[in-house]
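Here's the structure we're looking at; comments come further down.
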Amino acid sequence: DIRFSNSTTTDNPMPTITYQTNDQLSGIDHYYVQVDSADTKNVNSKTYTLVPQKPGKHTIKVGAQDRAGNRTERTAAFEILPIESPKIISVTTSVFSGEGGLIITGTSISGVSIITEVRDSRDNLIYSFTTNTDESGKWATRIDSPLKNGSYYVGVIARDSRGAESFTVKSDEVLVT
């Protein structure tokens, strides 16, 4: 069985799990853990703390391999709850090609980092910046890097000191001409 330290639904982005199995004949060689489709990690302990997970539903697979090469696996579902999403108050919606001056302002809970991503119409990441909220939760990002002609949008995510994140909030279209 796979047991979660808190619950299978938590706002902790790094839940700790425990698991155990026995092999009387050859003994356990190692355990392995896989979350969703990420790489499998070999572990030598019956307790494992996950790397920070994005908010949403996930599946974890834990397996044990004995010294003879036999394997057994179990899976479990869990959910990471998001923190409160930031709000975009204003964004420059018209920018001249080859110039900077894209300004994004907003509010969020205080004490978090705001990750600001500029993406093109094909969802390709163009720029990524991180800023912090002030005591009242206000934040602002100015992007002075030039953009080419086209359509863009800004996505913002709040991240707290534990690594817990909000869902992404997207701006209206930013048109560069």
Side-chain angles (χ1 to χ4, degrees), residues 1-88 104 106-133 137 139 141 152-171:
D1 286 347
I2 302 170
R3 285 184 232 116
F4 288 79
S5 58
N6 297 334
S7 167
T8 56
T9 301
T10 180
D11 69 348
N12 176 3
M14 298 173 46
T16 298
I17 60 167
T18 57
Y19 39 86
Q20 184 171 350
T21 189
N22 295 316
D23 186 316
Q24 300 298 335
L25 294 176
S26 63
I28 300 297
D29 181 59
H30 68 275
Y31 293 96
Y32 52 94
V33 175
Q34 181 182 31
V35 177
D36 299 326
S37 59
D39 291 339
T40 302
K41 298 191 186 306
N42 288 336
V43 294
N44 294 316
S45 170
K46 297 176 186 177
T47 300
Y48 182 74
T49 299
L50 278 60
V51 297
Q53 300 295 306
K54 299 277 187 197
K57 295 183 179 191
H58 302 275
T59 302
I60 187 166
K61 176 172 60 176
V62 176
Q65 181 171 321
D66 67 14
R67 290 187 180 96
N70 301 308
R71 291 180 170 210
T72 184
E73 296 178 340
R74 297 282 186 267
T75 60
F78 67 100
E79 182 176 11
I80 303 298
L81 300 173
I83 62 172
E84 184 178 328
S85 293
K87 293 174 180 59
I88 297 173
I104 308 102
T107 61
S108 187
I109 53 179
S110 64
V112 297
S113 297
I114 302 295
I115 297 101
T116 304
E117 296 181 342
V118 177
R119 293 184 176 269
D120 66 15
S121 60
R122 294 187 193 144
D123 204 37
N124 295 312
L125 178 64
I126 306 301
Y127 298 112
S128 180
F129 299 91
T130 301
T131 190
N132 295 316
T133 59
W139 56 270
T141 300
Y152 299 85
Y153 73 88
V154 175
V156 293
I157 299 168
R159 179 183 295 146
D160 71 13
S161 60
R162 303 170 302 157
E165 294 185 351
S166 69
F167 288 128
T168 301
V169 175
K170 292 182 180 181
S171 72

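FYI, the numbering just counts along the sequence from 1. Not measured: the values here are computed from a predicted model. Computed over heavy atoms, backbone and side chain alike; hydrogens, waters and symmetry mates excluded.
- At least one donor-acceptor pair closer than 3.5 Å links the side chain of Asp36 to the backbone N or O of Thr59.
- Put simply, OG1 on Thr8 and CD1 on Ile2 are 11.5 Å apart, with the number rounded to the nearest 0.5 Å.
- For the ring-ring contact (aromatic ring centres under 6.0 Å, His included) test, residues two or more places apart in sequence or in another chain that qualify with Tyr31 are Tyr19.
- Listed for the Glu165 side chain is no donor-acceptor partner under 3.5 Å among the backbone atoms of Gly163.
- To the nearest 0.5 Å, atom CD of residue Glu73 and atom OH of residue Tyr32 are 3.5 Å apart.
- Atoms CG and OG1, on Asp1 and Thr18 in that order, are 9.5 Å from each other to the nearest 0.5 Å.
- Annotation for Glu84 and Ala158: closest pair O-CB, 4.0 Å, computed over non-hydrogen atoms.
- Arg119 pairs by the side chain to side chain contact (heavy atoms under 4.5 Å, CB included) definition with Glu117, Asp123, Leu125, Tyr153, not counting sequence neighbours.
- Within the 4.5 Å cutoff, the side chain of Tyr48 has no heavy atoms near those of the Val62 side chain.
- The two residues Thr72 and Arg74 make their nearest non-hydrogen contact at OG1-NH1, 3.8 Å.
- Qualifying side chain to side chain contact (heavy atoms under 4.5 Å, CB included) partners for Asp160, counting only residues two or more places apart in sequence or in other chains: Ile83, Val112, Arg162, Ala164.
- Using a 4.5 Å heavy-atom cutoff, the side chains of Thr10 and Phe4 are not in contact.
- Each of Ile114, Thr141, Ile104 was compared with Phe129 under the side chain to side chain contact (heavy atoms under 4.5 Å, CB included) criterion, and only Thr141 meets it.
- With hydrogens and angles ignored, the 3.5 Å screen pairs no side-chain donor or acceptor of Thr16 with any backbone N or O of Ser5.
- Rounding to the nearest 0.5 Å gives a distance of 12.5 Å between OG of Ser108 and CZ of Arg159.
- When side chains are defined from C-beta on, Pro15 counts as touching Ile80, because their heavy atoms get closer than 4.5 Å.
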>> I'd like to know whether Leu81 forms a side-chain contact (heavy atoms from CB on, under 4.5 Å) with Thr9, so could you lay out the CA-CA distance, the side-chain angles of the two residues, the decisive distance to 0.1 Å, and finally the verdict.
In response: CA-CA 7 Å; Leu81 300 173; Thr9 301; 3.8 Å; yes
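- Looking at Leu50 and Ile60, their side chains come closer than 4.5 Å, going by heavy atoms from C-beta outward.
- Note that the CD1 atom of Ile88 and the NZ atom of Lys170 stand 11.0 Å from one another [nearest 0.5 Å].
- Separation of atoms OG1 (Thr130) and CD1 (Ile115) is listed at 5.0 Å; rounding is to 0.5 Å.
- Across every non-hydrogen atom of Ser85 and Val169, the tightest pair is CB-CG2, 3.7 Å.
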